[in-house]
2 protein chains.
Amino acid sequence: MSLLEEIESGATPDRLRRTAAAEQTSIEQLRAKIIAGSAVIPWARGNELAQPCAIGEGLKVKVNANIGTSNDLCRLEREMDKLRACLDAGADAVMDLSTGGDLRAIRTAIRAACPVSLGSVPIYEVLSDLIREKRSPREMTAAAMLAAIRLHAEDGVDFMTVHCGVTRRTVEILRNDRRLTGVVSRGGSALANWIAATGQENPYYEEFDELLAICREYDITLSLGDGLRPGCLADAGDHAQMEELYTLGELVLRCREAGVQVMVEGPGHVPLQDVEAQVRMQKVACHNAPFYVLGPLVTDIAPGYDHIVGAIGGALAARAGADFLCYLTPAEHLRLPDTADAHEGVIASRIAAHAADIARGLPNARDWDDAISKARKARDWETQLDLAIDPQSARRRRSQGLPADTSVCSMCSELCALKGEGGL
Amino acid sequence: MSLLEEIESGATPDRLRRTAAAEQTSIEQLRAKIIAGSAVIPWARGNELAQPCAIGEGLKVKVNANIGTSNDLCRLEREMDKLRACLDAGADAVMDLSTGGDLRAIRTAIRAACPVSLGSVPIYEVLSDLIREKRSPREMTAAAMLAAIRLHAEDGVDFMTVHCGVTRRTVEILRNDRRLTGVVSRGGSALANWIAATGQENPYYEEFDELLAICREYDITLSLGDGLRPGCLADAGDHAQMEELYTLGELVLRCREAGVQVMVEGPGHVPLQDVEAQVRMQKVACHNAPFYVLGPLVTDIAPGYDHIVGAIGGALAARAGADFLCYLTPAEHLRLPDTADAHEGVIASRIAAHAADIARGLPNARDWDDAISKARKARDWETQLDLAIDPQSARRRRSQGLPADTSVCSMCSELCALKGEGGL
């Protein structure tokens, strides 16, 4: 039985018990959400996760950090440093998106060092193999695509992004959409171009039962990728994007029937005024499956600051119902992130997630704010800095401009409002 | 006649003409907004502003940057560097909040070098004088408070924050509110404590006609300060805050009757779910006066990252109707900002303002996004980097991890989705 089937049967597998404890929720409450499909526990069979989590309705909004090599920058130690930086910064999950170097060696090393849910995108394996052999992505085969799924499952991945919704029909619609930036997802682009070139159906869609059988065997949580996510504000919410979304909704039901946990991925670039609508449409189209968003980026103009742009969109999306935020780093659109970028990205996403936790009415979410504010009022600097989301950075900044009277800060010096004589 | 009275009379003063040109709007459209009080032109008589702006309904959301010394860090050159950094980063207005050193010399130097609207908080002058003389803020006098207004007006300030709404009544209400962080505005704290100690009414409220007479004489735009703004999520939207807001609404009408342009300041720390409600309440209570917000900060936990926290709140507030965003820097709550902080703060606020401009339906607001996205799709790196909100930072980041094939970036290398062979 898969984890989902065990939970449905009324049993209480260790993974459910330990995740409920980590989430500070009751086993029965979590069980109900897993059965309804509004939450998932991305934890594959046989893995030892020291820090498991659940993602979905009524739970703390989670943050994922993408690490991994590219062909231009493929040093394992660099990625291991990034992994540590992401974990230290508080990432709830990590995806290894490596596309350069010995992918299996990198994945295995990351898995061994990763105490949180680990995700991957198996089609990158197929594409990287072809590129190494100087062959065209059009030479992808259904067999290779399914083999990559099994390979990643064997290597201990907990959840996988698969672009099942890029189909002949969506590609046909895409042709009419006159997009400004076309297809910006790597997997989506490869599949759309493969479909356009071969005229064949997406094997991840056509062989979905086969895919589900592998996921069930290894207890992989599927993350249905948005291969046609908008890559700029102008393309947001177009016909192809919605066609893919409803296709994913259909596959959500097939996952549940097959005993496979599933979540759905979302955009991308979305104007501020449309973020809530997009989240609601996903919840409707995808039968309340947990929603995993990249950003959304509410403007295209800020390469170098996309962690901020993504935090704006992420906070709003999570307030509206998105459950899982994929971080964006200051390197987005410019280069592969380094360790410092990864750190900044996780913190920015955690800020968005926490603001949304409060807005979603998560019990006790504001306790942290109240505690730091109490310390601030008391000018208890040690406690205030200890409670900061990034204590090291807060301490460093404060020390760069220390006041003569260390009970205040150098912004206001003696004029500190909190020294108010009337105690108001 | 004041600028407002001239505009009401049907005349077209040069300041109106030049501001309309800068805003790319028609003189008559801008005139209607100024007369309705839903927009202001903060431009005092006799000043030469090379880059004027209007703030309010249907206009581009503007960004203010606070600079100025404190007693711990008071070097004029440091503040002049910050001024240049803020202007280079695209600030629409600057406030000199100096509280340390020779305030008049600093203000005059900043004014001479500042091509945009300049604001100040005259009560800081009074408080700094008292602190220098080792006297208590309780020794403030009505005469000194009004003299500071005149002094700043003579020095060429365009707009001033005055905390007129901290009254005996609001202080009485405040006592019942059991705030977690009390009063966190410097001016508000000094006034509340002065009222509590002396039992007298706030001179800026009691002598409001006198204040208006000075503003009218020099054509100062009043920015009615929120002395009781919440300093933490727990205190947001309490009775004292709303009492002050409605008092400010009453004063808005008195400003308009006196021919004085006016805007209103807002919080502060506000939970994500309450940002829109707070903006709407301000618009109702203050008769559609332009709303100038500090943040809002949607969580208290992130000292070191408050520019990001403020960008989340600012984008949402501006979408809901806030017109003027006061920047927050990574130094907020920790120390006086330095030049790098000021730069980061302006960029973060401009991102929020731009995302909101698009959401507010400002004509052509998305053109910038479309242009950079077109360059991105074409992998035209020069154009893409030129169009970035901070081209220098974008170039620097890209150069830190250049790919072998410079038509892509080192994130995806050969796997770049935009190289899609099918051109989808």
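Using a 4.5 Å cut-off between heavy atoms, Trp194(A) does not touch chain B at all. Neither the backbone nor the side chain of Leu97(B) comes within less than 4.5 Å of any heavy atom of chain A. Interface residue Ile131(B): only side-chain heavy atoms are found under 4.5 Å from chain A. Looking at Leu73(B), the atoms closer than 4.5 Å to chain A (heavy atoms on both sides) all sit in the side chain, from C-beta outward. Both the backbone and the side chain of Ala311(B) have a heavy atom closer than 4.5 Å to some heavy atom of chain A. For Gln400(B), the parts sitting under 4.5 Å from any heavy atom of chain A are the backbone and the side chain alike. Only the side chain of Ile347(B) comes within less than 4.5 Å of a heavy atom of chain A; its backbone N, CA, C and O stay farther away.
Residues Leu387(A) and Ile301(B) form no side-chain contact, since every pair of their non-hydrogen atoms from C-beta on lies 4.5 Å or further apart. Contact of the Pro337(A) side chain with the Met411(B) side chain is registered, since non-hydrogen atoms from C-beta on lie closer than 4.5 Å. Side-chain contact between Asn71(A) and Pro403(B): absent, with no pair of heavy atoms (C-beta onward) separated by less than 4.5 Å.
Contact check on Asp341(A) versus Arg397(B) returns a salt bridge, with a Lys/Arg side-chain nitrogen under 4.0 Å from an Asp/Glu carboxylate oxygen.
Side-chain atoms of Arg319(A) and Gln273(B) form no donor-acceptor pair, as typed in the model, at a separation below 3.5 Å.
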Under 3.5 Å, which donor-acceptor pairs do the side chains of residues 348-358 of chain A form with other protein atoms, sequence neighbours left out?
from: Ser349(A); atom 1: OG; to: Gly345(A); atom 2: O; distance (Å): 3.3
from: Arg350(A); atom 1: NH1; to: Ala89(A); atom 2: O; distance (Å): 2.8
from: His354(A); atom 1: NE2; to: Asp369(A); atom 2: OD1; distance (Å): 2.6
from: Asp357(A); atom 1: OD1; to: Val61(A); atom 2: N; distance (Å): 2.8

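Taking each heavy atom of His307(B) and Ile308(A) in turn, the nearest pair found is CD2-CD1, 4.0 Å. Minimum heavy-atom separation, Ser70(B) to Ser413(A): OG-OG, 3.2 Å.
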